[in-house]
Amino acid sequence: MEEGSLILNIVNSVPDNDNKSLRSQWKDAGGSWKEKNRIRRNLKKTSWKANKTEGSNNPIATTSTVPSPITKERSDNKVKLLPSTEVISSLFTHNPEIPHLPQSPRDNSHLNPSNAPSKDALPFSSMGLDDDLSRHLEDELQIRQPTNIQSKAIPFILASVNDHGSHVDADVKPADIIIQAETGSGKTLTYLLPIIHCLLRSSREASNLSRQVNLTRSIGTLAIILVPTRELTKQILSVIESLLKKSSFKSGQSHLLHWLVPGTVVGGENKNHEKNRIRKGINILVSTPGRLLDHLQNTKSFALDSLRWLVLDEADRLLELGFEETLEQIVKLLKVRSENHNNSPNPFAQAPSWPTFRRTILCSATARDDIRQFAGYTLVDPVYINADDIGSSDNVGVKVEAVDSSSDATKYSTPKQLKHKYVITPAKLRLVTLTAILKSTFRTHHHGLSTCRKVIVFISCCDSVDFHFDLFANTNAANILTPEDVEDVQTTETTTANIEQHTIDYYKSVRLVGSVIPNIGLYRLHGDLPQIIRIKTLQQFSEANSGILFCTDVAARGLDLPYIEKIIQYDPPLDLLDYVHRVGRTARLGKNGESIIFLLPSEIDYLNVLSSIKPEALQVESILETLASSKHKEYEVEATNIQLDFERYVLSDPKYTELARMAFLSHLRAYAAHPSSEKHIFHVKKLHMGHMAKSFALRDAPSNIDVNHKSMEHKKRVGQKKGKASGKRNELDNKTAALKTKRKYDNSEFAVPDLSNLSGPTTKKKRKK
Ligand SMILES: Nc1ncnc2c1ncn2[C@@H]1O[C@H](COP(=O)(O)OP(=O)(O)OP(=O)(O)O)[C@@H](O)[C@H]1O
């Protein structure tokens, strides 16, 4: 018997009739892996008996014996050899028990979508919006009925801007506004429509008052919209551009808007080009905080004396550690800069609709407790508006507290029609369970039985996103990065010289198609990719009919991508707020959607954290059963084959092994970054390293995984060469930065503790000590 073949240690290995009762016992054994394994051991004994007596009739010998490039290399001590020529792959053995959990799904079947446009609401034209603007919304953009938050907030904001509003109590003069409403409920239009309305009205009034009035972009910046990610700046810019399209505006009136220039300034772009554009005038500016602060400090020609709007979209994210200080500085500098530049004539000075002071709007689907604190030092007489309540009072604290934003129901509210599910998966089965979900999702789609088109898989760190993207694209496939898959990338800040070719190609690929999930485009997005790739990825994924996006939390906030039917949280989020935003990429504007979160058996207490969400349990076996291609095949065979294919791919080239190892290590570092309040659930010491390695298609126990410092150094260098702004992965290795801050600007990668903390109790090194 040769060393180069594998045999599967699975129930299927037993002749059908002999083991019917044992097999059904195995299936009925509920969630207990211990119980299943006891039955499996009995089955195995019978199997060996059967093997002896029936010889080659054993189905294993025909169905599961596969040549393995692994075993030759690994046959010394890594692969357990049977008395026969074959090797056991232990995917289904020694898994921890899954506790039986009572089902408490929230029944949302009777609930109407909570973020859909409301048929009963007054149309936009009755809200006091400019006629041209409401006509443009209806005729050009097909936006007819407002959502709840739009119905409540738009009239309120309009009324607070101009004197003739009837929606505000005469005694109340609200200035700043906090808007909270579910994901996908149209918050962007909620703040943009009043701004555009105001500019349109003021332009009209100014030109009616004086025919000589000269409206040009050089008036400077009138509105600033701050967002946490680069992707969001582009998305919001395109909404502004669609609102400013002149086709629906009355003939002869288009000049009222044509002078308005919207634009973005974001990290990763050329600063000098931005300076030039700012000097010429960007009237509605969308920006990330770091780059805005930079221009406020260093761009002298930044004209801000006519600034009337400051919007903080995804405000609670902007207030997180790392952004908060920048925001404080921005607010201070805006005050100073607008006072210093008040000598240029304002053509709107006489227009009744022109606001007399600057207004700040905070906007988010979730409300952090420290919004109140921020409101205290930044906002003036703020009013809190959510889709259910409108509150107002003179005292900042009282006003926000009056709406009870601290209750879980308010803080973590998600669209009512969204179905939340979870699956408790032993570490060894994570990868095949993910594969099974993806396969079944797109299989039904191809038979026309499902409307499911796109899936987003959230993963905790860049390296792991890269690894999974590569793994699903190339396992079992011959299409390892052909030139056609590679975008022609030329950016000023991405120096690719001297970098190994594979790494270059690797960073350039936008969409790949593999054979694991056949015919479905695979995409990835994280903060460490060159900016051009990030933009192209979103563009292509947005336009595609189907696809899978592997991403970090850089895609969790605000992105409005069409036809996302399923969100998979392969790694749990660091914060429940992130959970809300991740799942919010589906079930938008009244559409249906589903989310599945993966948990390890050791993480079961996380269900307490999710108590206000009440997710429904999925059984891992039920998911894996979808892998069985026919009634006669057991899913364990299929699952094991898939796992072996992944493992073979990873071992087929040191580059891929290295990718898997990097992913594994970064995953552990990200895992270690869970907050202390969740350490009893997510602690690296609770992880079984060998099992975890399996979920990265690695056969080595972690003690055998050499932390290859050379290769990490190489990665660091690559990051540095990729440009100062985008090479944020380096920060993950910076211990000081890691301990100081959880996240960085424009990058939702987690800066996590240093590797020395990571050896789990199961590693051999640790045991020796
Ligand atoms: N009244 C409406 N009718 C139809 N479509 C609308 C309406 N309002 C907004 N939309 C569309 O709904 C989508 C979601 O809007 P938007 O991105 O503003 O949601 P959001 O509340 O900001 O979500 P998130 O909290 O995730 O950022 C967008 O495509 C937008 O064009």
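Along the sequence shown, residues are numbered consecutively beginning with 1. Just so you know, ligand 1 is whichever comes first in the structure, and atom 1 is the first atom listed for that ligand. Because the structure is predicted, anything quoted here is derived from the model rather than measured.
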**Student:** Going by the rule side-chain hydrogen bond (donor to acceptor under 3.5 Å, both in side chains), which residues pair with H674 if we only count those two or more places apart in sequence or in a different chain?
**Tutor:** E678

**Student:** Among R144, R557, H581, R588, which one puts a heavy atom closest to atom 26 (O) of ligand 1?
**Tutor:**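 Residue with the shortest heavy-atom distance to the ligand atom: R588.
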
**Student:** Of all the atoms in ligand 1, which lie at a distance below 4.0 Å from a heavy atom belonging to Q145?
**Tutor:**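 Those atoms are 1 (N), 2 (C), 3 (N).
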
**Student:** Give me the nearest non-hydrogen protein atom to atom 31 (O) of ligand 1 as residue plus atom name, then the distance to 0.1 Å.
**Tutor:**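 The protein heavy atom lying closest is I143 CD1, 4.4 Å.
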
**Student:** Does any donor atom in the side chain of H526 or D553 lie under 3.5 Å from an acceptor atom in the other side chain?
**Tutor:**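 Short answer, no.
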
**Student:** Got the closest protein heavy atom to atom 18 (O) of ligand 1, with its distance?
**Tutor:**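 Heavy-atom neighbour on the protein nearest atom 18 (O) of ligand 1: T188 OG1, 2.6 Å.
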
**Student:** Check ligand 1 against E182 and write out every atom of the ligand that is under 4.0 Å from a heavy-atom position of the residue.
**Tutor:**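 Those of ligand 1 that fall under 4.0 Å from E182 are 21 (O).
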
**Student:** For ligand 1, which atoms, with element, lie under 4.0 Å from some heavy atom of L189?
**Tutor:** 8 (N), 9 (C)

**Student:** Sequence neighbours excluded, which residues qualify as salt bridge (Lys or Arg N to Asp or Glu O under 4.0 Å) partners of D316?
**Tutor:**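 D316 satisfies salt bridge (Lys or Arg N to Asp or Glu O under 4.0 Å) with R557 once adjacent residues are dropped.
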
**Student:** Going by heavy-atom distance to atom 8 (N) of ligand 1, choose the closest among K591, E314, Q150.
**Tutor:** Q150

**Student:** Test side-chain contact (heavy atoms from CB on, under 4.5 Å) on I225 and Y191 and set out the steps.
**Tutor:** CA-CA 10 Å; I225 295 149; Y191 64 75; 3.7 Å; yes

**Student:** Could you walk me through whether I361 and I179 pass the side-chain contact (heavy atoms from CB on, under 4.5 Å) test, one step at a time?
**Tutor:** CA-CA 7 Å; I361 298 179; I179 295 172; 3.9 Å; yes

**Student:** Taking the six-membered ring of F550 as reference, does the NZ or CZ atom of R524 fall below 6.0 Å from its centre and within a 45° cone about the axis?
**Tutor:** no

**Student:** Testing Q180, R317, H581 for side chain to side chain contact (heavy atoms under 4.5 Å, CB included) with S364, which one passes?
**Tutor:**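 It is H581, the one option of Q180, R317, H581 that forms the side chain to side chain contact (heavy atoms under 4.5 Å, CB included) with S364.
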
**Student:** Can you report which non-hydrogen protein atom sits closest to atom 14 (C) of ligand 1, along with the distance?
**Tutor:** D560 OD1, 3.5 Å

**Student:** Which ligand 1 atoms, with their elements, are less than 4.0 angstrom from a heavy-atom of R585?
**Tutor:**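 Here the atoms of ligand 1 in question are 26 (O).
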
**Student:** Please list the nearest protein heavy atom to atom 25 (O) of ligand 1 with its residue and the distance rounded to 0.1 Å.
**Tutor:** K187 NZ, 2.7 Å

**Student:** Heavy-atom pairs closer than 4.0 Å: do any link ligand 1 to the side chain of P117, the backbone, both, or neither?
**Tutor:** side chain

**Student:** If you count the atoms of ligand 1 from 1 in the order shown, which ones are under 4.0 Å from a heavy atom of S185?
**Tutor:**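 Near S185, the atoms of ligand 1 are 19 (O), 20 (P), 21 (O).
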
**Student:** Ring of W259, cation from R217 - is the NZ or CZ under 6.0 Å from the centre and inside 45° of the axis?
**Tutor:**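 No; the conditions do not both hold, so R217 does not lie above the ring face of W259.
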
**Student:** Please report whether ligand 1 has a polar contact with G184, defined as an N or O pair separated by less than 3.5 Å (distance criterion only).
**Tutor:**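 Between G184 and ligand 1, an N or O pair is found under 3.5 Å apart.
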
**Student:** Please list the nearest protein heavy atom to atom 10 (N) of ligand 1 with its residue and the distance rounded to 0.1 Å.
**Tutor:** L589 CD1, 3.8 Å

**Student:** Under 6.0 Å between ring centres, would you say that holds for H420 and Y579?
**Tutor:** yes

**Student:** Do R582 and Q569 have a side chain donor and acceptor closer than 3.5 Å?
**Tutor:** yes

**Student:** If you count the atoms of ligand 1 from 1 in the order shown, which ones are under 4.0 Å from a heavy atom of P146?
**Tutor:**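 Result: 1 (N).
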
